[in-house]
Student: 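Got a structure for you, questions after.
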Amino acid sequence: MATAGTTPQDTSLHRLLKRSSPLSGYGFSPEAFEKTLDYLEKECKILVVGAGGLGCELLKNLALSGFRCIHTVDMDEIDVSNLNRQFLFRPSDVGRPKAIVAAEFISKRIPNCRVTPHYCKIQDLDDDFYRQFKIVISGLDSIEARRWLNSKLVSLVAVDDDGDPNPDTIIPFIDGGSEGFKGQARVLLPRISACFECSLEAFPPQHNYPLCTLANTPRIPEHCIQWAALIRWDEARPFVDADGNAVPIDGDKADHLMWVFEQASQRAADFNIAGVTYKLTQGVVKRVIPAVASTNSIIAAACANEALKIATSCSDSLNNYMFYNGVTSVYTHTFEYERKPDCFVCASAVLHVANPALTLQEWFDELSAKHMLASPSVRGTRGLVYIQAPESLEKEYRHNLSRPLSALFTSGEEISLVVPSSNTSISMKLVFEAPTA
């Protein structure tokens, strides 16, 4: 409890930074307390990506932990369904950008904390924007967006001729995620520790229904919604761009979701299936898992603690993955993910192809199954080989899908894969393995 003449911060953060500990990190010095506090307040610029369930908790925790230069990025607007757990928002804020409202709330509640909002996509911000931060924390629910952010931070690390990273260019990446009563927090040091891509196989596979079931024999509400989103959407082309090209479905756009909901409702009525609701449509199209406020609090607290430890060296940081499970009890487990030597993002990737007779489409299917690289575009040293969009260009290069890899590339050729869902570009060397006797 604070005494007269002190503040709660004096009895918590100040006390933590003023005393030595056998658990403190390398270089920590209680004598440098004033300098450490000055760094937190004036120099340690931190980026919070996502201002939703985790983001609200993160912004609150970071501000109350002494960080004073915070930026937040979010492209979404506040929906009434957010109000039960995203506590920085009020009913009067519905329809306003999350990043702006969250920044206003924190800045008003803690006047000496400067929170700068960015109402845009993370892909809209350039390299110089990301270079200004000492720590980046992700509170995103999209795996593709987290893959893009991971790739961006890895690409910002400068390496010498021997492949050793320049420590001054490494921006620690703290990633938090929650799914119902489960969650995880991790600390990623680009080109030092395992990156997000290295542990991609830890995520459960997305559940998809057979197209034949969707088209012919739907039995549950989810079948009707998937039919509307995957089959009917392509047939009807309800939205087109200025050039007349079909616009892919966007789960963050209300008019897209409403169209899918209406089509799914009609489909359900035709087959006497009950249970298609707008909320379920959102969940199926966006693959949403119901959020639990207490899980968000736990994961955000872990992420904020790691940020404080990295910024002040008051303790060693997490190495490097913490899993939380609150389904049947309260259980946590910490272990170290190891770097994958053939990681597409953080290693100098060489992709070996055992059978160069595979067609480009068969190879794409293999990449999707093994590396979660769905529907990529590809370019070789001789130019573009295949592109997913726009539709007019896709038609021009579609014939390459049936051609063998050996006819499109040479062994050892440098290629670039672009995953449209996350706008991530991956460069690698393609090597055809010699057939075994």
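Model, not experiment: these values are computed from the prediction.
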Student: Would you give the length of the straight line joining atom CG of Leu54 to atom CG of Leu140, rounded to the nearest 0.5 angstrom?
Tutor: 9.0 Å
Student: Closest heavy-atom contact between Cys346 and Val154?
Tutor: CA-CG1, 4.0 Å
Student: Hey, does Val73 have a side-chain heavy atom less than 4.5 Å from the side chain of Leu47?
Tutor: yes
Student: Check whether any side-chain N or O of Asp93 sits under 3.5 Å from a backbone N or O of Arg90 as a donor-acceptor pair, and report yes or no.
Tutor: yes
Student: Give the C-alpha distance, both sets of side-chain angles, the deciding distance and a yes or no for side chain to side chain contact (heavy atoms under 4.5 Å, CB included) between Cys224 and Phe271.
Tutor: CA-CA 9 Å; Cys224 301; Phe271 285 86; 5.7 Å; no
Student: I need the minimum non-hydrogen distance between Leu153 and Pro190, along with the two atoms involved.
Tutor: O-CB, 4.0 Å
Student: Is Arg339 reaching over with its side chain to a backbone N or O of Arg191, donor-acceptor style, under 3.5 angstrom?
Tutor: yes
Student: Under a 3.5 Å distance rule, please check whether Glu306 uses its side chain to pair with a backbone N or O of Cys303 as donor and acceptor.
Tutor: no
Student: Keeping Thr295 on the side-chain end and Gly180 on the backbone end, is there a donor-acceptor pair under 3.5 Å?
Tutor: yes
Student: Quick one, Ile46 and Cys69 - any side-chain contact, counting heavy atoms below 4.5 Å?
Tutor: no
Student: Considering all heavy atoms of both residues, which atom of Tyr386 and which atom of Arg398 are nearest to each other, and what is their separation?
Tutor: CE1-CA, 4.1 Å
Student: Give a yes or no on whether the backbone of Tyr337 and the side-chain of Asn320 come within a donor-acceptor separation of less than 3.5 Å.
Tutor: yes
Student: If I take atom NZ from residue Lys18 and atom OG1 from residue Thr36, how far apart are they, to the nearest 0.5 angstrom?
Tutor: 12.0 Å
Student: Less than 4.0 angstrom from a charged side-chain N to a carboxylate O is my criterion; do Arg96 and Glu104 meet it?
Tutor: yes
Student: What pair of heavy atoms forms the shortest contact from Ser317 to Ile310, and how long is it?
Tutor: CB-CG1, 4.1 Å
Student: Does some side-chain heavy atom of Pro218 sit less than 4.5 Å from a side-chain heavy atom of Ile273?
Tutor: yes
Student: Given side chain to side chain contact (heavy atoms under 4.5 Å, CB included), test Cys120 with Met75 step by step and report yes or no.
Tutor: CA-CA 5 Å; Cys120 61; Met75 62 175 282; 6.0 Å; no
Student: Just by distance, do the side chain of Asn150 and the backbone of Cys195 share a donor-acceptor pair under 3.5 Å?
Tutor: no
Student: Hey, does Leu37 have a side-chain heavy atom less than 4.5 Å from the side chain of His14?
Tutor: yes
Student: Salt bridge between Asp128 and Arg131, side-chain N to carboxylate O under 4.0 Å?
Tutor: yes
Student: Is the shortest side-chain N to carboxylate O distance from Lys152 to Asp127 below 4.0 Å?
Tutor: yes
Student: Got more than 12 heavy atoms from elsewhere within 6.0 Å of NZ, Lys340?
Tutor: yes
Student: So Trp233 and Phe239, ring-ring contact (aromatic ring centres under 6.0 Å, His included) or not? Walk me through it.
Tutor: CA-CA 9 Å; Trp233 183 277; Phe239 298 90; 5.7 Å; yes
Student: Could you walk me through whether Leu40 and Leu13 pass side chain to side chain contact (heavy atoms under 4.5 Å, CB included), step by step?
Tutor: CA-CA 11 Å; Leu40 272 182; Leu13 179 62; 4.2 Å; yes
Student: Kindly compute the distance separating CD1 (Ile70) from CG (Leu62), expressed to the nearest 0.5 Å.
Tutor: 5.0 Å
Student: To the nearest 0.5 Å, what is the distance between OH on Tyr39 and OG1 on Thr312?
Tutor: 10.0 Å
Student: Let me see the working for Gln361 and Thr359 under side-chain hydrogen bond (donor to acceptor under 3.5 Å, both in side chains), right down to the final yes or no.
Tutor: CA-CA 5 Å; Gln361 182 61 64; Thr359 66; over 6 Å; no
Student: Tell me whether Asn82 contacts the main-chain N or O of Gln86 through its side chain, where contact means a donor paired with an acceptor under 3.5 Å.
Tutor: no
Student: Between Arg232 and Glu235, is the closest basic N to carboxylate O distance under 4.0 Å?
Tutor: yes
Student: Would you compute the distance between atom CG of Asp316 and atom NZ of Lys309 and round it to the nearest 0.5 angstrom?
Tutor: 8.0 Å
Student: With a 4.5 Å limit on heavy-atom distance, are the side chains of Ile415 and Val385 in contact?
Tutor: no
Student: Just so I know, are the side chains of Asn355 and Leu358 near enough to count as touching, which here means a heavy-atom distance under 4.5 Å?
Tutor: yes
Student: Would you indicate whether the side-chain heavy atoms of Phe105 and Lys60 approach each other to under 4.5 Å?
Tutor: no
Student: For the backbone of Pro111 and the side chain of Arg114, can you confirm whether one donor and one acceptor N or O come within less than 3.5 Å of each other?
Tutor: no
Student: Assign the ring pair His333 / Tyr331 to parallel, tilted or perpendicular, where the plane angle (0 to 90°) is split at 30° and 60°.
Tutor: parallel
Student: Do Ser178 and Asn296 pair up side chain to side chain, a donor and an acceptor below 3.5 Å, judged on atom types alone?
Tutor: yes
Student: What's the shortest heavy-atom distance between Phe33 and Leu17, and which atoms?
Tutor: CD1-CB, 3.7 Å
Student: The test is side chain to side chain contact (heavy atoms under 4.5 Å, CB included); show your working for Asn325 and Phe323 and say whether it passes.
Tutor: CA-CA 7 Å; Asn325 188 344; Phe323 174 74; 3.6 Å; yes
Student: Angle between ring planes, His71 versus Phe129, binned at 30° and 60°: parallel, tilted or perpendicular?
Tutor: perpendicular
Student: Does any N or O in the side chain of Thr169 come within less than 3.5 Å of the main-chain N or O of Asn166, such that one atom is a donor and the other an acceptor?
Tutor: yes
Student: Looking at every heavy atom in both Ile110 and Ala63, which two are closest together, and how far apart are they?
Tutor: CD1-CB, 3.4 Å
Student: Would you indicate whether Glu43, at its atom CD, is surrounded by more than 12 heavy atoms from other residues, nucleotides or ligands within a distance under 6.0 Å?
Tutor: yes
Student: Would you say that more than 12 heavy atoms from the other residues, nucleotides or ligands in this model lie under 6.0 Å from the CZ of Arg19, or not?
Tutor: no
Student: Measuring from atom CD of Gln184 to atom OG1 of Thr332, what distance do you get when rounded to the nearest 0.5 angstrom?
Tutor: 13.5 Å
Student: Salt bridge between Glu197 and Arg147, side-chain N to carboxylate O under 4.0 Å?
Tutor: yes
Student: Verify, without hydrogens or angle tests, whether Ser24 (side chain) and Ser20 (backbone) share a donor-acceptor contact under 3.5 angstrom.
Tutor: no
Student: Identify whether the distance between the nearest side-chain nitrogen and carboxylate oxygen of Arg186 and Asp175 falls below 4.0 Å.
Tutor: yes
Student: Does any part of the side chain of Ile174, heavy atoms only, come nearer than 4.5 Å to the side chain of Val136, both counted from C-beta?
Tutor: no
